[in-house]
Amino acid sequence: MTAPVEIQRGDGPIVLGLPHTGTYVPEDIRANLNDRGRELADTDWHIHTLYDGLLDGATTVRATFHRYVIDANRDPAGVSLYPGQNTTTLVPLTDFDGENIWDVAPTEDDIADRAKQFHAPYHAALWAELERVRAKHGVAILYDCHSIRSHIPFLFDGTLPDFNIGTNIGTTCDHTIETLTADICSQAEGYTAALNGRFKGGWTTRHYGRPDINQHAIQMEIAQSAYLSAEAAPWTYDETRAAKLRTHLSEILKTLAALAPALRGKS
């Protein structure tokens with residue numbers, strides 16, 4: 001069985017969370033998906049590649065399992081991130097287009113078992129790395145890495161901006177983190193950006209964002225049109241688009257790493 005989480009430890013103050021890049025689905029679970037579900041269309045395609053090597057000393061915590069197994073960025077208690085809006089659940093029953101993905105839907109016992117096998121180990125690893133980094137530096141910044149198709153009518157109207165920054169309306173990190181990130185994104189030529197728009201930060205950002213203990217969290221949801229050849233299978237990574245985008249992502253991460261020492265003691 002594939003390990004549920006991969007960790008690369010760095011010696012800097014930044015931890016990159018990667019909850020949705022994994023494509024591993026155990027065979028017994030894959031057998032219960034329908035043909036649409038087996039396409040795994042809602043993957044954060046190539047996000048680990050997009051961020052690879054952008055910041056020396058960064059720690060990465062990556063879930064290897066697919067979000068259809070269980071979503072590592074959902075509350076394990078099943079509480080909705082966006083009450084009253086269309087979204088997907090702890091174990092999604094539909095894809096982002098609202099279409100069923102299962103021939104045999106998971107039971108409550110199935111969900112509880114997956115929470116223990118996959119969700120809990122990922123978050124235990126993420127918490128352990130944040131604690132380690134915070135003990136070393138007196139501060140830790142979790143930068144949660146995501147991507148999504150730019151046009152999904154089931155989830156949002158219109159076209160999504162390229163950069164979608166989420167801090168749960170400024171509660172999950174020091175204001176300077178939010179401001180510096182938003183400034184870099186808004187000034188990036190040829191790109192669009194939003195702060196706490198449709199995506200305000202998922203469960204990970206809200207759960208770990210604790211400025212009161214010098215632990216900050218910010219989510220970046222990138223429109224896949226900014227780095228894929230097309231937002232459709234085979235989800236090809238566009239080296240030219242990605243290289244341009246990586247310059248801005250690198251600037252964000254390096255700016256936050258340089259800021260981190262000034263955040264110690266502000267809690």
Side-chain angles (χ1 to χ4, degrees), residues 6 16-25 30 33-54 60 62-69 71-74 82 85-88 92-102 143-166 181 184-195 197-199 201-202 219-253:
E6 295 176 347
L16 303 181
L18 299 160
H20 290 153
T21 72
T23 55
Y24 172 63
V25 180
R30 182 180 293 274
L33 287 165
N34 62 24
D35 288 343
R36 188 179 183 97
R38 293 188 191 109
E39 294 175 0
L40 306 182
D42 298 331
T43 306
D44 289 14
W45 296 103
H46 308 294
I47 275 290
H48 54 299
T49 302
L50 186 68
Y51 280 93
D52 185 44
L54 289 184
T60 62
R62 176 179 181 249
T64 60
F65 54 92
H66 195 264
R67 69 191 306 156
Y68 291 171
V69 176
D71 194 327
N73 197 35
R74 294 292 184 271
Y82 299 100
Q85 298 184 51
N86 286 340
T87 186
T88 52
L93 298 180
T94 70
D95 61 15
F96 287 167
D97 294 310
E99 299 294 334
N100 178 46
I101 58 173
W102 297 98
Y143 180 100
D144 213 37
C145 310
H146 297 261
S147 74
I148 194 169
R149 286 178 286 144
S150 62
H151 183 68
I152 307 178
F154 180 70
L155 295 183
F156 50 81
D157 295 330
T159 301
L160 201 66
D162 300 304
F163 296 106
N164 298 271
I165 306 159
T181 302
I184 292 169
C185 293
S186 63
Q187 294 168 20
E189 186 176 355
Y191 295 92
T192 53
L195 173 61
R198 173 60 180 85
F199 296 97
Q219 177 177 299
M220 180 65 76
E221 187 93 47
I222 295 173
Q224 290 176 349
S225 56
Y227 71 96
L228 296 182
S229 296
E231 295 182 329
W235 312 101
T236 304
Y237 187 79
D238 187 311
E239 294 284 355
T240 301
R241 290 180 182 177
K244 181 182 176 184
L245 182 61
R246 277 168 57 87
T247 62
H248 302 297
L249 297 175
S250 177
E251 182 182 2
I252 292 169
L253 295 179

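No hydrogens, no waters, no symmetry mates; every other heavy atom, side chains included, goes into these values.
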Colleague: Using modelled atom types and a 3.5 Å cut-off, is there a donor and acceptor pairing between side-chain atoms of W45 and backbone atoms of A232?
Modeller: no
Colleague: For a 4.5 angstrom cut-off between non-hydrogen side-chain atoms, does E221 reach F163?
Modeller: no
Colleague: Tell me whether R67 contacts the main-chain N or O of D44 through its side chain, where contact means a donor paired with an acceptor under 3.5 Å.
Modeller: no
Colleague: Ignoring hydrogens, what is the shortest heavy-atom contact between R241 and L228? Give both atom names and the distance.
Modeller: NH1-O, 2.5 Å
Colleague: Could you please spell out the steps behind the side chain to side chain contact (heavy atoms under 4.5 Å, CB included) verdict for I152 and R198?
Modeller: CA-CA 12 Å; I152 307 178; R198 173 60 180 85; over 6 Å; no
Colleague: Filter on side-chain hydrogen bond (donor to acceptor under 3.5 Å, both in side chains), then keep only pairs touching residues 150-166, sequence neighbours left out; what's left?
Modeller: S150-E231, D162-T192
Colleague: Can you find a pair of side-chain heavy atoms, one from L93 and one from I101, that are under 4.5 Å apart?
Modeller: no
Colleague: Looking at every heavy atom in both Y68 and A41, which two are closest together, and how far apart are they?
Modeller: OH-N, 4.0 Å
Colleague: Would you mind checking if D97 and R149 are paired as a salt bridge, meaning a charged N to carboxylate O distance below 4.0 Å?
Modeller: yes
Colleague: Among S147, C145, C185, exactly one meets side chain to side chain contact (heavy atoms under 4.5 Å, CB included) together with M220. Which residue is that?
Modeller: C185
Colleague: Quick one: do L249 and Y143 satisfy side chain to side chain contact (heavy atoms under 4.5 Å, CB included)? Show the steps, please.
Modeller: CA-CA 11 Å; L249 297 175; Y143 180 100; 3.8 Å; yes
Colleague: Is there a donor-acceptor pair under 3.5 Å between the side chain of R62 and the backbone N or O of H48?
Modeller: no
Colleague: Under a 3.5 Å distance rule, please check whether D42 uses its side chain to pair with a backbone N or O of F96 as donor and acceptor.
Modeller: yes
Colleague: Which heavy atom of L50 sits nearest a heavy atom of R246, and at what distance?
Modeller: O-NH1, 2.7 Å
Colleague: Would you please test H66 and T43 for side chain to side chain donor-acceptor pair (under 3.5 Å) and show each step?
Modeller: CA-CA 7 Å; H66 195 264; T43 306; 2.8 Å; yes
Colleague: Taking atom types as modelled and ignoring hydrogens, do the side chains of Y237 and S229 form a donor-acceptor contact shorter than 3.5 angstrom?
Modeller: no
Colleague: Does any non-hydrogen side-chain atom of T49 lie less than 4.5 Å from one of T21?
Modeller: no
Colleague: Are the side chains of L18 and T60 in contact, using a 4.5 Å heavy-atom criterion?
Modeller: yes
Colleague: Is H20 close to N73 at the side-chain level, that is, under 4.5 Å between some pair of heavy atoms?
Modeller: yes
Colleague: Start with the C-alpha distance between Q224 and W235, add both sets of side-chain angles, then the distance that settles side chain to side chain contact (heavy atoms under 4.5 Å, CB included), and finish with yes or no.
Modeller: CA-CA 9 Å; Q224 290 176 349; W235 312 101; 3.8 Å; yes
Colleague: Would you name the heavy atoms of A223 and L160 that are closest together and state the gap between them?
Modeller: CB-O, 4.3 Å
Colleague: Output yes when a side-chain donor or acceptor of Q219 lies under 3.5 Å from a complementary backbone atom of I165, and no otherwise.
Modeller: no
Colleague: Please lay out, stage by stage, how W102 and T94 fare under the test side chain to side chain contact (heavy atoms under 4.5 Å, CB included).
Modeller: CA-CA 8 Å; W102 297 98; T94 70; over 6 Å; no
Colleague: Has the side chain of S250 got a donor or acceptor atom that lies under 3.5 Å from a matching backbone atom of T247?
Modeller: no
Colleague: Between Y191 and H248, is the ring centroid distance below 6.0 Å?
Modeller: yes
Colleague: Flag the pair D95 and R36 as a salt bridge only when some basic side-chain nitrogen lies within less than 4.0 angstrom of an acidic carboxylate oxygen.
Modeller: yes
